[in-house]
Peer 1: 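Submitted below is the structure of interest, expressed as structure tokens.
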Amino acid sequence: DTAVSQTPKYLVTQMGNDKSIKCEQNLGHDTMYWYKQDSKKFLKIMFSYNNKELIINETVPNRFSPKSPDKAHLNLHINSLELGDSAVYFCASSQSGLAGGDTQYFGPGTRLTVL
Amino acid sequence: LAKTTQPISMDSYEGQEVNITCSHNNIATNDYITWYQQFPSQGPRFIIQGYKTKVTNEVASLFIPADRKSSTLSLPRVSLSDTAVYYCLVAQGQAGTALIFGKGTTLSVSS
């Protein structure tokens, strides 16, 4: 009964490839997020969707494209992978879109390694 | 966007009380203060949230002075399992707010 799940857990790929990470939440939440955590543990928001609508789109390369087929799923597609994309990517969800005032529930993370 | 400053690391022993302070000098009126805990190879987990004064739950207490320019997470009687990274998040309670957790404080608890 995992609340927020991500697949895959580990992803190793070559530079220039295209890959996707999937996220699903079974909490009935309206808002989902993608975060990137670098090797120094710095955790930063990338995107946020509220009821399938993009509400946060931070300054990330346009090689990153989120897709939300429904409010329980938020996938992250990355084109032309670069070495600097290596990081742990976390998906999260919250009840509403009230970012700062809302409790976020995080998935287990996807460790992406670009060779 | 309120910027937060936390100590990079702290050390403690089992049974002690640990206080981690977060500075957020430019906190805005609409900002909430939330603390998350992250264990290795796991996603962050909510610990406690407050707006002003003191908040207490079964896990921790959060002390916020009147000027709200800082906050202190208090963990009573820590155990080895409290070894983790603790993040202070200051963000507005409205849709579309950017969220930056920063680097957090690595707490190491020894026996």
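Computed over heavy atoms, backbone and side chain alike; hydrogens, waters and symmetry mates excluded. Every chain is numbered from 1 and lettered A, B, ... according to where its sequence line falls, protein lines coming before strand lines.
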Peer 1: Run A:Tyr105 and B:Arg45 through side chain to side chain contact (heavy atoms under 4.5 Å, CB included) and show every step you take.
Peer 2: CA-CA 7 Å; A:Tyr105 295 81; B:Arg45 184 181 71 162; over 6 Å; no

Peer 1: Please say whether more than 12 non-hydrogen atoms of neighbouring residues, nucleotides or ligands are located less than 6.0 Å from NZ in A:Lys9.
Peer 2: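 Yes, because the 6.0 Å sphere around NZ of A:Lys9 holds more than 12 heavy atoms from other groups.
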
Peer 1: Can you tell me if B:Glu14 has over 12 outside heavy atoms packed within less than 6.0 Å of its CD?
Peer 2: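 Atom CD in B:Glu14 is packed in, count exceeds 12.
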
Peer 1: Indicate, with yes or no, if A:Leu112 and A:Val60 share a hydrophobic cluster defined by side-chain heavy-atom contacts under 4.5 Å among Ile, Leu, Val, Met, Phe, Trp and Tyr.
Peer 2: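 The answer is yes; both residues are in one hydrophobic cluster.
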
Peer 1: Relative to chain A, which segment of B:Tyr51 carries a heavy atom at a distance below 4.5 Å: side chain, backbone, both, or neither?
Peer 2: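 Interface part for B:Tyr51: neither.
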
Peer 1: Any side-chain heavy-atom pair from A:Phe90 and B:Gln42 closer than 4.5 angstrom?
Peer 2: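 Contact flag for A:Phe90/B:Gln42 side chains = no.
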
Peer 1: Is it the side chain or the backbone of A:Tyr35 that comes within 4.5 Å of chain B heavy atoms, both, or neither?
Peer 2: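 The answer is the side chain of A:Tyr35.
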
Peer 1: What part of A:Phe42 gets closer than 4.5 Å to chain B, counting heavy atoms only: side chain, backbone, both or neither?
Peer 2: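 A:Phe42 touches chain B through backbone and side-chain heavy atoms alike.
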
Peer 1: Tell me, side chain or backbone of B:Ser41 under 4.5 Å from chain A's heavy atoms, or both, or neither?
Peer 2: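 Just the backbone, heavy atoms under 4.5 Å.
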
Peer 1: Check whether B:Val55 and B:Trp35 end up in the same hydrophobic cluster, where Ile, Leu, Val, Met, Phe, Trp and Tyr are linked by side-chain heavy atoms less than 4.5 Å apart.
Peer 2: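 Yes: a chain of side-chain contacts under 4.5 Å links B:Val55 to B:Trp35.
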
Peer 1: Is A:Trp34 reachable from A:Leu27 through a run of hydrophobic residues whose side-chain heavy atoms are each under 4.5 Å from the next?
Peer 2: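 Different hydrophobic clusters.
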
Peer 1: How close do A:Gln104 and B:Phe46 get, counting heavy atoms only, and between which atoms?
Peer 2: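 Heavy atoms of A:Gln104 and B:Phe46 come nearest at O-CB, 4.5 Å.
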
Peer 1: Measuring from A:Thr103:OG1 to B:Ile47:CD1, what's the distance to the nearest 0.5 Å?
Peer 2: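 So the OG1 of A:Thr103 and the CD1 of B:Ile47 are separated by 11.5 Å.
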
Peer 1: With hydrophobic residues grouped by side-chain heavy-atom distances under 4.5 Å, do A:Val4 and A:Val88 end up in a single group?
Peer 2: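 No, it is not one cluster - the side chains of A:Val4 and A:Val88 are not joined through contacts under 4.5 Å.
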
Peer 1: Can you tell me how far CD1 of B:Ile8 sits from NZ of A:Lys40, rounded to the nearest 0.5 angstrom?
Peer 2: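 Answer rounded to 0.5 Å: 10.0 Å.
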
Peer 1: Can you hop from A:Leu115 to A:Ile21 via hydrophobic side chains spaced under 4.5 Å?
Peer 2: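 In one cluster with A:Leu115: A:Ile21, no.
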
Peer 1: Check whether A:Gln37 gets within reach of chain B through its side chain, its backbone, both or neither, counting any heavy atom under 4.5 Å.
Peer 2: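 A:Gln37 touches chain B through side-chain heavy atoms alone.
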
